[in-house]
Each structure stands twice: as structure tokens, then as C-alpha cells.
Protein chains: 2
Amino acid sequence: MLDELDDSTTVADSALARLTQVILDGELKPGAKVSEPELARRFGISRAPLREAIRRLEERSVLTRAPRLGARVVVLSPAKVEQIFVVREAVEGMIAREAAKLITDAEVAQLRESLARQKARSEEIGFSTFLTRELDSDFHTFIAQCSRNEFLIKFLCEDYATLIGLCRKHLRQVPERAYRAFVEHGRIVDALADRDPDMAELAMRRHIQASRQMMVASVQDPGSEGGRRRRRGTN
Amino acid sequence: MLDELDDSTTVADSALARLTQVILDGELKPGAKVSEPELARRFGISRAPLREAIRRLEERSVLTRAPRLGARVVVLSPAKVEQIFVVREAVEGMIAREAAKLITDAEVAQLRESLARQKARSEEIGFSTFLTRELDSDFHTFIAQCSRNEFLIKFLCEDYATLIGLCRKHLRQVPERAYRAFVEHGRIVDALADRDPDMAELAMRRHIQASRQMMVASVQDPGSEGGRRRRRGTN
DNA sequence: ATTGCAAAAAGTGTCGACAAAAAATCTGCG
DNA sequence: CGCAGATTTTTTGTCGACACTTTTTGCAAT
């Protein structure tokens, strides 16, 4: 659905989208070299627009580059994932605070409706980690929009979106966490409905802290996928 | 002094630095068109590395771009400046919190020493806005380093540094504010010395809130430079 | 004189090419 | 057989060129 050649969009812009997708899909794994000739051939474009896309992902901390050595996909050690969650806690906490000041009744209703749908669906088929994971991103994005702060929105939805997507791969969701996340989302919406900035920020921060702690636990107890079990991380 | 051809750095990297400086110096004013041919000629480089630098500043929200229309320096309306301060409050608050957990005795001593020097200097020549403005940036950067969080550091010292620099031009510093900022810095250092994360975050947030409110006031009461006096802000 | 349209100029987006550096390969020696 | 050095190959960084858009200029008609 994104394949159509839109004149209003540039090759460099679509290269950014495609490269982002390649990374999120795991085709380019963490630490892998981002070869300009190879990707240019693959995308059927020249290196100039590709390089612009690479520079942008570099600016987003998704790629790391050393002059003359090329770019590589960032390697998210457990320590780095924790640091990213700390940033999220700060920014999304403020997002919730600002949203509580400016959210409309209609938006509160939309959030409530979304939660209700999720609850109904979950009572049918159980709290699947897949469902929660999909909706979680929408939930956070929606609240960001409610903050009416273009810089907070840009940060969460553009700058950090890819990085957060990479972090999610480290999060081995367990069903219990899916249910807890649902409950926490409810608390956040309640605080927003009350137009209580302090409570909204606190609820959001606790929510993200809980995600982080779950992540830390899953790293220490590797199981299904992507478990690098070498080294325990001394720094 | 920056003209020497350093082999370890690329033309694109120095183009980023030079373009940043041009914008911060006000040679390219907010809203001004960023002409690729003109800047390329001025920097003595081709458009390719210049475009990479432009894309990076775009990613940092310093430039805004529309496809086929080119890039322009962001216009920081009072509303946008406030939004940026909100982001700063969130991120720097968390920086202070994390720094309080991890700061060393030596670093606390360095901060205290810096404040003492500033106090001594100010008792000689008074609290100049220039002195405070210069040291303020160092103060915040230093504490960011103490957070030991590379993403928080990168955010404040790279991503947002230029944008914050642009915001500073909107801040018409008054001597009273310079003194108050000094006092607030002292409170932050006290909290860091106590290893009190809650207090450190609170003190930092209050400090940035105070800066923001001073900015809002100076916008409503235009004096020397760049005073947009339309609208009082209804939200 | 002003408005509308057409032609020219300038600018952006993209490409291919080249030099220098880094990586890979091959070779010779211990 | 392994390792160090030299050579080839690949890749990065940069440049100039071209097509297509946008903008500006010029001209004519109402």
C-alpha cells in the first residue's frame, strides 16, 4: 500500500521508510553493516538519496556511523534498552501530563471505546500478547496527539518510533504482562478523563517503568526469541 | 581557525557544524530559505554533503522542508518555544533524577566549584546576563553527562542543542533572572549532593519552568529584539 | 494599469563517476 | 602451517551533470 509512486514524495523519503522497515523486520540485524551499494541496488535507487536516509536514521540513533567505515545498525544492549525506556518515561510522562490539560471529551470517549473493544476481544480469545502489542503503539500515539505539542509528538512518533520498535523485539511479552498493561492503560485514561495532570503523568511513568522491569526480567531469563545469552552486561 | 583540512572529519560533518553556526549566529534568520547552491558556494563544497547536513538539521527540527520547495529555518513562534521548554522540562528533569543516582563526589565538587567561581565573579562585576547565559549551558551539559545515559545526553547536547540555542535568542534575560537562575542552580546541586532523585528532578523542572515563564513574560512585554506582541495566549 | 498567461531562470531531486580509504585476497616468508 | 606484507577489490565521500518543478520575469490582452 506504500508502493505506489507518489510524485509528492521523494525517493529519499521512501528510502527512509523502506530502510526503517528492513531494520524493523530484522533483515538487517543489530550490528549488521549497512552497505550503500547493496541497498541502493536492492531499492533500485542511487546512493545519494539512500545516504540522506541513512543520515536521518543516524540522527535517530538507529544507525551508528564512523567516518570512512560506514554505518551499522545499532546494537541495543540491555543497558541501552533500559536507557531508552528512561527517556520514554520522561517524554511520555510529560505527554500524559499535557494531554490531561488539553484532551477533549470526544478523545476521552475514543480511548474508552478502544479499551472496551480490546476488553471484549480479549474476553473472547484471551489476552494475546500480539493484540496488546499492536494496540499499545496506537494507544501511546493517540495520547501523544492529545498533548497538542508538536515536539513531543514528533519525538515519540518519528524520532524514537524506530528505536522503540527495536526495543520491543527485546521484550518477550508474557500473557500476564498483557493484562497488566491493559489495566495500566485504564488508569491512564481515567486520569486523563479527570483532567488530572499529576495523576496522568504518574500513571504513564509507572506504566513504562513496569514495561522496563518486565524487559529486564526477560533479558535475565532468556527464552524464545533473540536471546543473546552471552555476557551478563557488566556496565 | 576552522579552515584546516582535518582528515578525520568529513566535509558533510563540518558542513553540519558550519551551517549550525550560521543559523545560531542569525545570519540565516528564522523563516529564511536555505539555498543549496548559495550555501554550497559559500562553504566551497558541493551540494551532496551539504544536503546530508541539511537533512540532519531537519531531523533536529532546526530546518523544515517541503518536497521540491526546499528547506527553511524553523520559525519559533512563542507557542513553539513554550512547547520546546516543555520537552526540556521532561528530559532535563529525568536527567537530574538519573544524575542524582549516579553522580560522583568529584563531580559534585566540580559543580560546587563552578558555582563558587560564578558567585565570586558576580560579586565583582554583578550578575551579568552574558555570564549567566554562557555558564548556564555548561551547567546543564555537565549534569547531563552525570546521568550516564547516552540517549539523554545525545538528546540534550546534540539533537536539541541548536533548537535550545535558537530559543535563547527569544529569552530577553534580565539581571534579576540571572540571579534567580544562580539560586536555582544551587538548589539543583544541593539535591544532587544529597543523592535525592525526587528533589533533583523537581528542582530542575522548576528551574526550567521559571525560564519558560520569564520567556513568556518577555514576549508579552517586548523590549529590545524580536518581540512579537500579538496575542496573549488563551490556553 | 492590472490581470492572466507564457517563457525563462533558478532550484531541487537524482544519477553516474572518480579519488581515496578500508577491507579482502593473494603471496611469500618464517 | 601460520602470519606479515603487498596487491586487488570493495566501499565511502565527494563532485559535476541532468531532468523536472517551482518561481520569476516578460508580454499581451482586457
Side-chain angles (χ1 to χ4, degrees), chain A residues 2-20 22-23 27-75, chain B residues 2-20 22-23 27-75:
Chain A
L2 284 172
D3 294 15
E4 61 186 30
L5 295 205
D6 192 342
D7 251 9
S8 70
T9 212
T10 65
V11 173
D13 287 335
S14 69
L16 175 66
R18 290 187 68 177
L19 183 50
T20 299
V22 165
I23 292 170
E27 292 183 66
L28 274 176
K29 291 190 169 53
K33 189 157 188 338
V34 180
S35 167
E36 294 180 8
E38 182 187 329
L39 280 173
R41 238 184 314 111
R42 174 170 175 177
F43 292 167
I45 64 179
S46 79
R47 283 174 51 223
L50 177 64
R51 278 173 68 90
E52 293 182 11
I54 289 174
R55 291 295 167 276
R56 281 157 78 170
L57 281 178
E58 199 182 310
E59 209 63 22
R60 295 181 185 180
S61 298
V62 174
L63 301 180
T64 58
R65 179 181 66 100
R68 303 269 168 197
L69 297 182
R72 291 182 174 277
V73 180
V74 66
V75 178
Chain B
L2 286 171
D3 295 14
E4 61 187 29
L5 298 204
D6 191 342
D7 253 7
S8 70
T9 211
T10 66
V11 173
D13 287 334
S14 68
L16 174 66
R18 290 186 69 178
L19 183 50
T20 300
V22 166
I23 292 171
E27 292 183 65
L28 274 175
K29 291 190 167 54
K33 189 157 187 338
V34 179
S35 167
E36 294 179 7
E38 181 188 328
L39 280 173
R41 237 184 316 112
R42 174 170 175 178
F43 292 165
I45 63 178
S46 79
R47 283 174 52 221
L50 177 65
R51 279 174 67 90
E52 294 182 10
I54 289 175
R55 291 295 168 275
R56 289 209 243 171
L57 282 178
E58 201 182 310
E59 208 64 21
R60 295 181 186 180
S61 299
V62 174
L63 301 180
T64 57
R65 179 181 64 101
R68 304 268 168 199
L69 297 182
R72 290 181 174 277
V73 180
V74 68
V75 178

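All figures in this text were calculated on a predicted structure; none of them were measured in a lab. Chain A is the first sequence line, chain B the second, and so forth, proteins listed ahead of strands; every chain is numbered from 1. For the numbers below, each heavy atom of this structure counts, side chains included, while hydrogens, waters and symmetry mates do not.
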Residues within residues 39-52 of chain A bordering DNA chain D, heavy-atom distance below 4.0 Å:
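Nucleic-acid contacts, sorted: A/Arg47, A/Arg51.
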Value in whole Å for how far the [atom2] atom of [N] lies from [atom1] of [X]:
| X | N | atom1 | atom2 | answer |
| --- | --- | --- | --- | --- |
| B/Arg68 | D/dC20 | CZ | C1' | 6 Å |
| B/Glu36 | C/dA9 | CD | P | 21 Å |
| A/Ile54 | D/dT14 | CD1 | P | 14 Å |
| A/Arg65 | C/dA21 | CZ | C1' | 14 Å |

Applying salt bridge (Lys or Arg N to Asp or Glu O under 4.0 Å) to A/Glu58 and not counting sequence neighbours gives A/Arg55, A/Arg65
Just to verify, what does B/Glu27 make a salt bridge (Lys or Arg N to Asp or Glu O under 4.0 Å) with, not counting sequence neighbours?
B/Arg42
Considering only heavy atoms from C-beta outward, does the side chain of [X] approach that of [Y] to under 4.5 Å?
| X | Y | answer |
| --- | --- | --- |
| A/Val73 | A/Leu63 | yes |
| A/Arg60 | A/Leu16 | yes |
| A/Thr64 | A/Val75 | no |
| B/Leu57 | B/Ile23 | yes |

Does B/Lys33 have a side-chain nitrogen or oxygen under 4.0 Å from the phosphate oxygens OP1 or OP2 of D/dT22?
no
Nearest-nucleotide pick for B/Leu69, side chain only, options being D/dG13, D/dT22, C/dG11
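The answer is D/dT22, which lies nearest to the side chain.
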Would you indicate which nucleotide in C/dT12, C/dT14, C/dG13 comes nearest to any side-chain atom of A/Val11?
C/dT14
